[in-house]
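All chains are named by letter (A, B, ...) in the order of the sequence lines, taking the proteins before the strands, and each is independently numbered beginning at 1.
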Amino acid sequence: MTQAHRTAAPADLILAWYDRHHRDLPWRVSPPMAARGVTPDPYRIWLSEVMLQQTTVGAVKSYFALFTSRWPTVSDLANADTEDVMKSWAGLGYYARARNLKKCAEAVAFQHGGVFPDTEDGLKTLPGIGDYTAAAIAAIAFNRKSAVLDGNVERVISRLHAIETPLPAAKPEMRTLVAAMTPADRPGDFAQAMMDLGATICTPRRPACALCPLNADCRVLGREDPELYPRKAAKKEKPVRLGAAFVAEDETGAVFLRKRETSGLLGGMTEVPGSAWTARIDGETGTAAAPFPAEWQASGTVTHVFTHFELRLTVYRSKISRIADAGEGWWQPKETLDGEALPTVMKKAIKQAIPDAFQKARKA
DNA sequence: AAGTCGGGGCC
DNA sequence: GGCCCAGACTT
């Protein structure tokens, strides 16, 4: 085979690109670090992968720093107070991840001797670890030759092979193609390289094809608009739900809070009292669902978009003397609201009623 | 296979 | 305003 007709294998092209353009991330062992003998910590790889599920790198960084600082090992996390974990996760979203994170840490610490399973199948038995995360940890932390397929890789593969089958039906086909590409030599770096490629070059819009190490192999480039890939099933529209939220402030400035059910939407998180969130758009959202009688003053509305519906909350506020029978809940001093397990929609509601309720947003 | 489950950044 | 993001889990 002559050199002129021989094309380098895609995996080699991607790894060569990765060696030059990889991003330095807090949980990553970069090729230069690896050359100095640094090995990945499965705990940190696992923690980062769970945080990164459907979540951007920028959103994760400060949370990763907080968690690894408070709980440096999986055993530390396993022995932590669950409520502290929920408080630390507040704002990151998909709160079932936090509940499963704690369960997984307990399983590793108390049933696996504090050591993560080092195979894809073993990892997949743990709470919160599915197909993607098991493959990613196996590849990145244990150098297993597993096929890592996330949203980034789906985009790269769909364009590289001009896959016409829409997602999610195309996933098995894509996984097979990724498995065929994955090298035995550096599977962990290959996985991270493919995801970096999707995050920085093969982007959803305006991909930088001129800079792509695979542009000579791409079946879409030069024939169609890459933005048309991956094909996706049509999505249904988001319904609107309405509700009321009640922000009560006592004579000391404390706010009345309560705890949500442990499962379902915002499960296990803290809330201000409110009505059910109904799909009806007729009828006013009144104070019928108020937690106790008070002079409730309407103080505007907040809108919050969840994954499958849009919520419009009418916010009511009142200043009352602390009453003995306020129902399930507690009065939280205003200056300590920041540390509570309040999801973003609840912070919005409180801020609507009491604009100076929070110190300032947590920044990276 | 479809529905549930957050939040923010980007265009 | 819509789209996307290192998806998992339930039904």
Passing candidate, ring pair (Phe, Tyr, Trp, His ring centres under 6.0 Å) with A:F67, options A:W27, A:Y43, A:W89, A:W46: A:W89
Closest contact, heavy atoms only, A:M181 versus A:P10: CE-CB, 3.8 Å
Within residues 160-169 of chain A, residues whose heavy atoms come under 4.0 Å of DNA chain C: none
Rounded distance in Å between the P positions of B:dC5 and C:dA6: 23 Å
Between C:dT10 and B:dG7 - C1' atom distance, rounded Å: 22 Å
5'-most by nearest nucleotide on DNA chain B - A:G264 or A:A59: A:G264
Listed partners of A:F256 passing ring pair (Phe, Tyr, Trp, His ring centres under 6.0 Å), at least two apart: A:F292, A:W331
Base versus backbone protein contacts along nucleotides 6-11 of chain C [heavy-atom cut-off under 4.0 Å; B, S, -]: BBSS--
Whole-Å gap separating P (C:dC3) and CG (A:L228): 14 Å
Side chain proximity check, A:R159 to A:C209, heavy atoms < 4.5 angstrom: no
Atom-to-atom span, OH of A:Y63 to C1' of B:dG8 - whole angstrom: 10 Å
Aromatic contact, A:F306 with A:H304 (centres under 6.0 Å): yes
Spacing between A:M269 atom CE and B:dG6 atom C1', to the nearest angstrom: 10 Å
Verdict with supporting geometry, A:M194 and A:V153, side-chain contact (heavy atoms from CB on, under 4.5 Å): CA-CA 6 Å; A:M194 287 287 278; A:V153 180; 3.9 Å; yes
A:S88 and A:R70: side chain donor to acceptor below 3.5 Å: yes
side-chain N/O A:H308 vs B:dG3 OP1/OP2, d < 4.0 Å: no
Aromatic ring pairing A:F246/A:Y316, orientation class (parallel under 30°, perpendicular over 60°, tilted between): parallel
Whole-Å distance separating the NZ atom of A:K232 from the P atom of B:dA2: 15 Å
B:dG7 OP1/OP2 closer than 4.0 Å to side-chain N/O of A:H304: yes
Euclidean distance, atom CG of residue A:L197 to atom P of C:dC5 [Å, nearest integer]: 14 Å
Integer-rounded Å distance: B:dG6 C1' and A:R99 CZ: 12 Å
Whole-angstrom distance between C:dC9 and B:dG8, as gauged at atom P: 24 Å
Protein-nucleotide distance (A:K238, atom NZ; B:dG3, atom C1'), rounded to Å: 14 Å
Listed once per pair and sorted, the salt bridge (charged side-chain N to carboxylate O under 4.0 Å, His left out) pairs that draw on residues 99-109 of chain A, sequence neighbours left out: A:K102-A:E106
Hydrophobic cluster (4.5 angstrom, side-chain heavy atoms) - remaining members for A:Y229: A:V220, A:L228
Where DNA chain C forms stems, i.e. three or more consecutive Watson-Crick or G-U pairs with both distances under 3.5 Å: B:1-5 with C:7-11, B:7-11 with C:1-5
A:K235 NZ - B:dG3 P separation (whole Å): 13 Å
Smallest separation among heavy atoms of A:V178 and A:V148, with atom names: CG1-O, 3.8 Å
Minimum heavy-atom distance A:L92-A:Y95, with the two atoms named: N-OH, 4.0 Å
